[in-house]
Amino acid sequence: MEKMKKYANTALLALTALLLAISLVLTFTVSDYYIFNRIGEFGFFFVFSQWVKKSGLLLLPLAVFYKKKCCSDLAKYVLPLFVVLSCALFGNFFDVTSVTAESTPAELVYASINEFMPKAAAMTLFFLSNVLYLAICALLFVRDGWKVRVKSFVWLPFALIACMPLNVFENFFAIENFGRDSFWWFKNFTLWHFVMVAAIVGFTVGAYYFLRNKDRKKQEEFLAAAAIVLLIQYHSKDSMLIGDGYNVYHTVFAAIPLFICNIGVYIASASVIFKKKLLYAISFFVHAAGAVSVFVYFGKDEMSNYGIIISYSILYFCLTHILLFALSVLPTALGHYKFQAKHALIPLGYYFGVIVVATVASALVTSASMGFSFNGYTLTEGEYLKPNYAFTQINPLPFELPVWGLTIWKCEMNMLYVLGLYAAYVAIFYMFNGAYYAFLAARKKILAALHMRRAATEAAGAAEAEFAVSEDTAEDEKREEKEEEQN
């Protein structure tokens with residue numbers, strides 16, 4: 001029996017890794033997230049079954065790699081039903097396309113690139129992933145047995161909420177009914193901007209106080225779960241880009257992770273999963289400051305199209321950046337890693353490398369797009385791509401900078417701006433680091449003052465108690481003397 005469990009565990013590791021890889025590839029199909037804001041079209045039970053399967057991408061890694069019994073129970077007794085439902089109710093799921101009768105020639109050009117995966121390949125991967133779901137659940141029965149704890153099901157709503165498709169709210173409103181002047185539209189320095197600033201602070205502080213009294217193993221498991229959620233929500237953008245679009249981006253090229261926070265998703269997630277000091281250092285010094293800086297200023301309003309507060313773009317942007325910030329600072333706050341000034345050298349070199357790669361890649365994609373064509377139509381000026389990786393192409397600040405151009409292939413990049421961008425972010429990194437140490441120093445001073453006050457209060461209380469005892473003793477002695485005199 002033990003030998004069988006050992007084989008089952010080995011198979012679980014391999015099959016779960018394969019399922020995660022296939023699920024990642026499937027995010028590059030239009031249909032993957034396209035259905036969640038069209039429940040009426042695709043049917044509640046099919047859409048919900050796909051949602052539950054998304055939660056399986058959280059439950060199965062925790063059950064297999066971290067041996068979490070509650071996740072194993074949920075996977076074994078919940079996932080199979082919805083996997084079977086998704087196989088039976090897929091309808092026209094594989095025929096989804098972003099092409100409409102109103103599509104412009106340029107949109108057709110990009111659709112021909114976005115919808116690169118043939119229908120047969122998408123169907124094969126979809127049904128193969130369902131087979132893997134069922135096989136993994138069956139192997140969990142072999143490894144963990146049939147017994148189930150009822151309290152495990154308490155975690156099911158949390159898994160569903162954590163993996164919620166963020167475009168599901170779009171079933172309840174039509175974005176065209178809201179203009180940029182609407183109260184609900186997300187822009188800089190509106191109520192919603194300050195709500196999100198409060199959210200990043202509140203979530204991180206709340207997570208710290210939730211985790212600080214738990215043992216190290218529990219802390220690491222919760223951080224790993226948060227990292228998996230971040231990766232699931234981050235990769236929802238792959239499908240949204242080539243379906244409904246995300247913010248101002250509508251092509252698969254925007255899924256290339258060359259924005260600094262895109263790379264940060266992988267670095268911060270890997271840091272809490274693999275627990276490596278170098279990854280902790282890069283996350284804390286580079287990506288924490290990068291994630292929080294966008295909450296101070298979201299860029300020029302004309303270069304953003306987040307929509308209203310519950311539209312996919314703003315929910316995706318804020319959720320992923322909140323999780324990224326929390327995962328970047330919590331390991332240090334919880335004492336898993338202690339950042340030191342000398343640890344900044346490699347992160348500075350890393351960030352310089354990111355800027356160089358992002359600049360070159362931005363220019364290459366723009367240059368390549370000048371030759372994109374479909375059905376005899378070639379893109380023209382104004383239709384070329386500007387992926388703006390790491391903000392190297394479009395200045396988000398409300399003022400222009402002098403141009404010192406460098407032509408890479410067919411695209412001219414403003415190297416003066418790029419170098420200024422690097423210097424500005426390095427300054428932000430050090431400011432964040434300084435603010436962190438200032439916070440620690442202030443906290444230490446406040447805690448010391450509180451400790452001294454508490455000690456003084458306790459000492460005064462002890463003195464009062466001792467005085468009261470001495471008074472009681474004196475009164476007892478007087479009473480005894482009086483009784484002796486009377487006798």
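Here, residue 1 is the first one in the sequence, and each next residue gets the next number. Predicted model, so just to flag it, every value in this text is computed and none were measured. Basis for what follows: all heavy atoms, side chains included, without hydrogens, waters or symmetry-related copies.
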Colleague: NZ of Lys187: more than 12 outside heavy atoms within 6.0 angstrom?
Modeller: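 Yes, NZ of Lys187 has more than 12 neighbouring heavy atoms, counting only those of other groups under 6.0 Å.
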Colleague: Counting only N and O atoms by type, is there a donor-acceptor contact under 3.5 Å from the side chain of Ser86 to the main-chain atoms of Val83?
Modeller: yes
Colleague: Can any side-chain N or O of Asp73 pair as donor or acceptor with the backbone N or O of Val150 at less than 3.5 Å?
Modeller: no
Colleague: Between Ser328 (side chain only) and Phe284 (backbone N and O only), is there a donor and an acceptor less than 3.5 Å apart?
Modeller: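 Checked: no pair found.
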Colleague: Taking all atoms of both residues into account, what is the closest heavy-atom pair of Ser271 and Ser283, and its distance?
Modeller: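 Residues Ser271 and Ser283, closest heavy atoms: OG-OG, 3.8 Å.
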Colleague: Ignoring hydrogens, what is the shortest heavy-atom contact between Ala268 and Leu327? Give both atom names and the distance.
Modeller: CB-CB, 4.1 Å
Colleague: What orientation do Tyr337 and Tyr280 show, parallel under 30°, tilted 30 to 60°, or perpendicular over 60°?
Modeller: parallel
Colleague: Which word best sums up how the rings of Phe317 and Phe298 line up, parallel for under 30°, tilted for 30 to 60°, or perpendicular for over 60°?
Modeller: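 Ring orientation, 0 to 90° scale: tilted.
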Colleague: With the side chain counted from C-beta on, respond yes when Leu231 and Leu57 share a heavy-atom pair under 4.5 Å apart, and no when they do not.
Modeller: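 Leu231 vs Leu57: side chains apart.
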Colleague: Distance check, rounded to the nearest 0.5 Å: Phe36 atom CZ versus Leu166 atom CG?
Modeller: 10.5 Å
Colleague: Using the six-membered ring wherever Trp is involved, compare the ring planes of Phe339 and His343 and label them parallel, tilted or perpendicular (cut-offs 30° and 60°).
Modeller: perpendicular
Colleague: On a heavy-atom basis, which atom in Ala255 and which in Tyr234 lie closest, and how many Å separate them?
Modeller: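 Looking at all heavy atoms of both residues, the closest pair is O-OH, 4.1 Å.
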Colleague: Within the 4.5 Å heavy-atom criterion, are Ile232 and Ile228 side-chain neighbours or not?
Modeller: yes
Colleague: Check whether Ser72 reaches the backbone of Ala63 with its side chain - one donor and one acceptor, N or O, closer than 3.5 Å.
Modeller: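 No.
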Colleague: Looking at Lys410, I'd like to know if its NZ atom is crowded, meaning that more than 12 non-hydrogen atoms belonging to other residues, nucleotides or ligands lie closer than 6.0 Å.
Modeller: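 Correct, the count exceeds 12.
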Colleague: Would you indicate whether the side-chain heavy atoms of Leu278 and Ile282 approach each other to under 4.5 Å?
Modeller: yes
Colleague: Answer yes or no: is there a side-chain heavy-atom contact under 4.5 Å between Ser49 and Val52?
Modeller: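 No, their side chains stay 4.5 Å or more apart.
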Colleague: Check whether the side chains of Asp244 and Asn167 place a donor and an acceptor atom closer than 3.5 Å, and report yes or no.
Modeller: no
Colleague: Can a donor-acceptor pair be found, under 3.5 Å and without considering hydrogens, that links the side chain of Lys76 to the backbone of Gly145?
Modeller: yes
Colleague: ring-ring contact (aromatic ring centres under 6.0 Å, His included) with Trp192: which of Trp185, Phe186, Phe183, Phe295?
Modeller: Phe183
Colleague: Tell me, do Lys237 and Tyr312 make a side-chain contact under 4.5 Å, heavy atoms counted?
Modeller: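 Side-chain contact under 4.5 Å: yes.
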Colleague: Kindly determine whether Phe48 and Leu85 satisfy side-chain contact (heavy atoms from CB on, under 4.5 Å), including the steps that lead there.
Modeller: CA-CA 9 Å; Phe48 189 65; Leu85 272 178; over 6 Å; no
Colleague: Is the backbone N or O of Ser98 less than 3.5 Å from a side-chain atom of Glu107, with the two atoms forming a donor-acceptor pair by type?
Modeller: no
Colleague: Just how far is it from atom CG of Leu140 to atom CG of Leu79, taken to the nearest 0.5 Å?
Modeller: 9.0 Å
Colleague: Locate the shortest heavy-atom distance separating Ser311 from Phe173; write the atom from each residue and the value.
Modeller: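 Scanning both residues, the minimum pair turns out to be CA-CZ, 4.0 Å.
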Colleague: Would the distance check show the side chain of Thr16 and the main-chain N or O of Pro61 forming a donor-acceptor pair, the cut-off being under 3.5 Å?
Modeller: no
Colleague: Thr251 versus Asn114: any side-chain heavy-atom pair under 4.5 Å?
Modeller: yes
Colleague: Looking only at atom types and distance, does a side-chain atom of Trp51 sit under 3.5 Å from a main-chain N or O of Pro165, one as donor and one as acceptor?
Modeller: no
Colleague: With heavy-atom distances below 4.5 Å as the criterion, would you say the side chains of Val272 and Pro331 are in contact?
Modeller: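 Side-chain contact under 4.5 Å: yes.
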Colleague: Specify the closest pair of heavy atoms between Phe94 and Ala122, including all atoms of both residues, with the distance to one decimal.
Modeller: CE2-O, 4.1 Å
Colleague: Supply the atom-to-atom distance Leu60 CG to Lys53 NZ, rounded to the nearest 0.5 angstrom.
Modeller: 12.0 Å
Colleague: Could you tell me the separation between the OG1 atom of Thr366 and the CD1 atom of Ile408, rounded to the nearest 0.5 Å?
Modeller: 10.0 Å
Colleague: For residues 20-30, dump all side-chain donor-acceptor pairs below 3.5 Å to protein atoms at least two apart in sequence or in another chain.
Modeller:
| unit_1 | atom_1 | unit_2 | atom_2 | d |
| --- | --- | --- | --- | --- |
| Ser23 | OG | Leu19 | O | 2.8 |
| Thr27 | OG1 | Leu24 | O | 2.5 |
| Thr27 | OG1 | Asp238 | OD2 | 2.7 |
| Thr29 | OG1 | Leu26 | O | 2.5 |

Colleague: Step through it carefully: locate the ring centre of Tyr110, locate the ring centre of Phe374, and say whether they are under 6.0 Å apart.
Modeller: no
Colleague: Between Asn247 and Asn305, is there a donor-acceptor pair closer than 3.5 Å when you use the side chain of the first and the backbone of the second?
Modeller: yes
Colleague: Rounded at 0.5 Å granularity, tell me how far CE in Met196 sits from CG in Leu191.
Modeller: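 With rounding to 0.5 Å, CE (Met196) is 10.0 Å from CG (Leu191).
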Colleague: Should we count OH of Tyr384 as having more than 12 external heavy atoms under 6.0 Å?
Modeller: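 Enclosed: over 12 neighbouring heavy atoms sit under 6.0 Å from OH of Tyr384.
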Colleague: Can you confirm whether more than 12 heavy atoms, excluding those of Lys386, are under 6.0 Å from its NZ atom?
Modeller: no
Colleague: Please determine whether ring pair (Phe, Tyr, Trp, His ring centres under 6.0 Å) holds for the pair Phe391 and Phe259, giving the CA-CA distance in whole Å, both sets of side-chain angles, and the decisive distance to 0.1 Å.
Modeller: CA-CA 7 Å; Phe391 296 106; Phe259 284 96; 5.8 Å; yes
Colleague: Any idea which heavy atoms bring Arg149 and Phe153 closest together, and the distance?
Modeller: O-CD1, 3.9 Å
Colleague: Has Lys277 got more than 12 heavy atoms of other residues, nucleotides or ligands less than 6.0 Å from its NZ?
Modeller: no
Colleague: Before giving the answer on side-chain contact (heavy atoms from CB on, under 4.5 Å), spell out for Phe172 and Ile310 the whole-Å C-alpha distance, their side-chain angles and the decisive distance to 0.1 Å.
Modeller: CA-CA 10 Å; Phe172 308 108; Ile310 57 171; over 6 Å; no
Colleague: Answer with yes or no after comparing the ring centroid distance for Tyr351 and Phe285 against a 6.0 Å cut-off, counting only values under it.
Modeller: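 Centroid separation for Tyr351 and Phe285: 6.0 Å or greater.
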Colleague: Would you check if there is a donor-acceptor pair between the side chains of Tyr436 and Thr332 at a distance under 3.5 Å?
Modeller: no
Colleague: Quick one: does Asn171's side chain have a donor or acceptor within less than 3.5 Å of a partner on Ile39's backbone?
Modeller: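 Yes: the side chain of Asn171 pairs with the backbone of Ile39.
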Colleague: To the nearest 0.5 Å, tell me how far Ile113 CD1 sits from Ile242 CD1.
Modeller: 11.5 Å
Colleague: Looking at Phe141 versus Tyr77, is the centre-to-centre ring distance below 6.0 Å?
Modeller: yes
Colleague: Answer yes or no: does atom CD1 of Ile346 have more than 12 heavy-atom neighbours from other residues, nucleotides or ligands under 6.0 Å?
Modeller: no
Colleague: Give the ring-plane orientation class for Tyr316 versus Tyr246, where under 30° counts as parallel, over 60° as perpendicular and anything between as tilted.
Modeller: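 Tyr316 and Tyr246: perpendicular rings.
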Colleague: For His287 and Tyr350, I'd like to know if the aromatic rings sit close, meaning centre-to-centre distance below 6.0 Å.
Modeller: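 Ring centres of Tyr350 and His287 closer than 6.0 Å.
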Colleague: Using the rule given for side-chain contact (heavy atoms from CB on, under 4.5 Å), can you reason through Gln219 versus Leu330, listing the C-alpha separation, both sets of side-chain angles and the distance that settles it, and then say yes or no?
Modeller: CA-CA 10 Å; Gln219 290 176 351; Leu330 284 175; over 6 Å; no
Colleague: Excluding sequence neighbours, so at least two apart, what forms ring-ring contact (aromatic ring centres under 6.0 Å, His included) with Phe93?
Modeller: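 If we apply the ring-ring contact (aromatic ring centres under 6.0 Å, His included) test to Phe93, skipping adjacent residues, the hits are Phe46, Phe126.
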Colleague: Kindly indicate whether the side chain of Arg216, heavy atoms from C-beta on, has any atom under 4.5 Å from the side chain of Glu220.
Modeller: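 Yes, side chains in contact.
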Colleague: Within a 6.0 Å radius of atom CZ on Phe158, are there more than 12 heavy atoms belonging to other residues, nucleotides or ligands?
Modeller: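 Incorrect, the count does not exceed 12.
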Colleague: Where do Tyr7 and Val142 land on the side-chain contact (heavy atoms from CB on, under 4.5 Å) test, with the steps shown first?
Modeller: CA-CA 10 Å; Tyr7 288 143; Val142 175; over 6 Å; no
Colleague: Check whether more than 12 heavy atoms from other residues, nucleotides or ligands sit under 6.0 Å from atom CZ of Phe352, and answer yes or no.
Modeller: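 Count not over threshold, so no.
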